[in-house]
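Just so we're clear, the structure is a prediction, and the values are computed from it rather than from any experiment. Below, chain A is the first sequence line, B the second, and so on; all start at residue 1.
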Amino acid sequence: MTHAISRKTYLFTFLGLLGLTLSTTLLGFVDMGPFNMIAAVGIAACKACLIAAFFMHALIEAKVIRVVLTGGVIWFLILISFTLSDYISRSW
Amino acid sequence: MANPIALLLREQYSTPVQQRETSKLGMWIFIMTEIMLFGGLFLAFSVYRMSFPQAFVKGSADMSIVLGSINTAVLICSSFTMALAVYSAETGNRRMLTVFLIATMILGLVFLGIKFTEYYQHYLQHEAPAVWFDHTGPDSGHLEMFFVLYFLMTGLHAVHMLVGEGILTAMVIRNHRGSFSADYYTPVEISGLYWHFVDIIWVFLFAIFYVEGLHLHKL
Amino acid sequence: MSTAVETRPALNYLNQETGIRSWLFTLDHKRIGLLYVASITFFFFIGSFYALLMRLSLLEPNGWLFGPGTYNKLFSMHGIIMVWFFLIPSIPTTLGNFFIPMMIGAKDVAFPKLNLLSWYIFMVGGLTTLFAMIHGGVDTGWTFYTPFSTSYSTTWVTTAALGIFIAGFGSILTGLNFIATIHRMRAPGMTWFRLPVFIWSQYATSIILVLATPVLAITLLMIGVERIFQVGIFDPALGGDPVLFQHMFWFYSHPAVYIMILPAMAVISEIIPTFSRKPLFGYEFVVYASMMIAALGFLVWGHHMFVAGQSLYSALTFSFLSYLVAVPSAIKVFNWSATMYKGSVSWDTPMLYAIGFIGLFTVGGMTGLFLAAMGIDVHVTDTYFVVAHFHYIMVGGAVMGYLGGVHYFWPKITGKMYPEGLAKLSALIVFLGFNLTFFPQFILGYMGMPRRYAAYAPEFHTLNVMSTAGASILGIGYLLPLAYFIWAWKYGADAGPNPWRATGLEWQTSSPPPRDNFEETPVVTRPAYDFGGMKEELHLG
Ligand SMILES: [Cu+2]
């Protein structure tokens, strides 16, 4: 068995996640209007990518597994974008 | 001595690699369905956040950022220990596997403990819809919606955490019985996938519920 | 039965183990398939019984049998049972379970224990819903529209929704199992483009199952929470939005139509080459069409909401995309027809159902295009036109496909033949009864008869009597196969391994198959539907 991901990588991922969490909290204290939400969700997406890529080994898994993962994300985006576009365009 | 790998190979598979890859694929497909399950709730949140921005910012200001941030850190630690548990399994270190699995479980329980403390605080502040909710003012209905979604989404997440605790308990027991080795640790690996995924869900829950009202905090 | 020399093997999956426990705890995908056959047949006849009561009541304009309250429960329970406990599981869990491993040359599905668990989950869900129905029923319609379902209905909504919620996880696990099986369990040489189209269609179906069903589950959970805790999630009085419910519901329920129709297309794609003695015309186009249907099916759900207060721009987009779905469906119909063209077509019962399927599915699909056009849709929304349209797809399409498939695969499943003459007769009865039931409903709908009412205006009387007459003929058409299949299970003639001279791997093993499907793992060297190569082999043999 190969250890495709080393403990060092896990440690850096972990520290990166903690750093991003701290930045989420700190950014929250600045009033940026709707951009508070956008920034928070954007940072969350980065954290999710880190966890998936390194902790969950998505980067080194078989291709089909990455297809499944991106497929799930894309389908969620379909659900949310089509529905929200209805709400946004109602007042047009 | 019989080949231990052959003993662990279920009859529908022809090779251990096939069995391992199939199990992992199964877990990833399951994670895909979980994305869509939580996806429906994230959709509801987005729609109502868009419709009632003021009330949702106000609701967010009532969250405890200290407990929320600590909880996020706790869960990230648990993911780290889970990753190390899988690493220990990979290297055949059964003792460290048990240590890291139990560490992950303890961190998970700490998370749940803090979560329920928060729930109790919201209850005391009369912010528990259906149980004790009294806020007045023009936005009170929409504020209630915020808390309905908050309890629903974090509640469903907590249920997933509890299931995760159960799975990890089973893993500890199986490891204790000597089921795992460097050649066979697929169950640990896919339990880890589940745990990390539940962690990802929390990362997003933290982002949407705790941050937006932060600048209104009195601290 | 040309070269079939082997008779029924002494030891097969049916008699290797005996006793009720050997069925209830079986991990054999073939036996689990049969458990599903028994369960969904049970639910099918319950659902049909509700339909029969409705049609009887509609014999008279005043709805002489039932008042509006009871009638509301009848159509709700008919819809709920038929959609979730017959149509959704119908082909995938029965024929899919039985034949996916066999067609790809595997011993079993990827996760046999999960497969059995799916059946138990399905049964718990089904019995929960049945319990709700026996105790007083549901009157929301199968669609559970809010705020009626959450704030006003006093019937057993929560319990019925709970049953569907539970059964949904059975669906999800079945889909997950099939995807993993098709990816990882194929026999050596069984490349993706050597797979029978049956597998491709089931694969497309499974993708829809795992992506759409969770959204239904969470939607029903939210309904349950709203009803139990009296909080407003969808209730406009409490700031909620009922249109959000419709978005979430139809995000599942439009693709659910493809969960019902794609497996029927899977069956038809097996039957037509076999009885035309020709490879499927344009194999790759049919494959891509299946995948396109699965993907595009997720982008059109808003066509159910043209009158729900959706934005005009969304409605336009959804309308356009709905037209687009017609393209892959038309490709399939074209390819099936082209397969038959200049083939040596024989008219055995499965082929009759297949041809009936093509005709009825085309009518259903074409009227679907009418409904995708906003102008017409606004005119016929909530009329019998819609009812007729989706029954052409679901009964004319999915049920015909299921019956065709059961006839086609029956010799393999049981090792026995069914009585051919009687089977042809009942295929004819089903076809005639179906059209007599539902064609008048197109006219009724276009004339403006609304759906879901216990009574109607006197000018609709004649057509309603025709429809009820058709329904009773259709009922006979469904009871006949039930009777002769039970008879054939015991007394049918031995079928031999390959009575249809078909090409798939499933026909290369004995009927009924052994527990592990094949004596040894097959190695595939030829594409699907290679009738030419098969002839060579017979000469050599
Ligand atoms: Cu539709």
Rounded to the nearest 0.5 Å, what separates atom [atom1] in [X] from atom [atom2] in [Y]?
X	Y	atom1	atom2	value
A/T83	C/W301	OG1	CH2	4.0 Å
C/L244	A/Y87	CG	OH	4.5 Å
A/L79	C/L299	CG	CG	11.5 Å

field: Shortest non-hydrogen separation from C/S314 to A/D86 and the atoms involved
entry: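 So the two residues come closest at OG-CA, 3.0 Å.
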Closest heavy-atom pair and its distance - C/G309, A/R90: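 For C/G309 versus A/R90, the nearest heavy atoms are O-NE, 3.4 Å.
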- request: Could you tell me whether C/F320 atom CZ has more than 12 heavy atoms of other residues or ligands within 6.0 Å of it?
  value: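 At most 12 heavy atoms, drawn from other residues, nucleotides or ligands, come within 6.0 Å of this atom.
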task: Check the angle between the aromatic planes of C/F298 and A/W75 and answer parallel, tilted or perpendicular using the 30° and 60° thresholds.
output: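 Plane angle over 60°, so perpendicular.
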- prompt: Checking C/V243 against chain A: side chain, backbone, both or neither under 4.5 Å from a heavy atom?
  reply: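 Both the backbone and the side chain of C/V243 come within 4.5 Å of chain A.
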message: If I measure from the heavy atoms of chain A, does C/L321 come under 4.5 Å with its side chain, its backbone, both, or neither?
response: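 For C/L321, side-chain heavy atoms alone lie under 4.5 Å from chain A.
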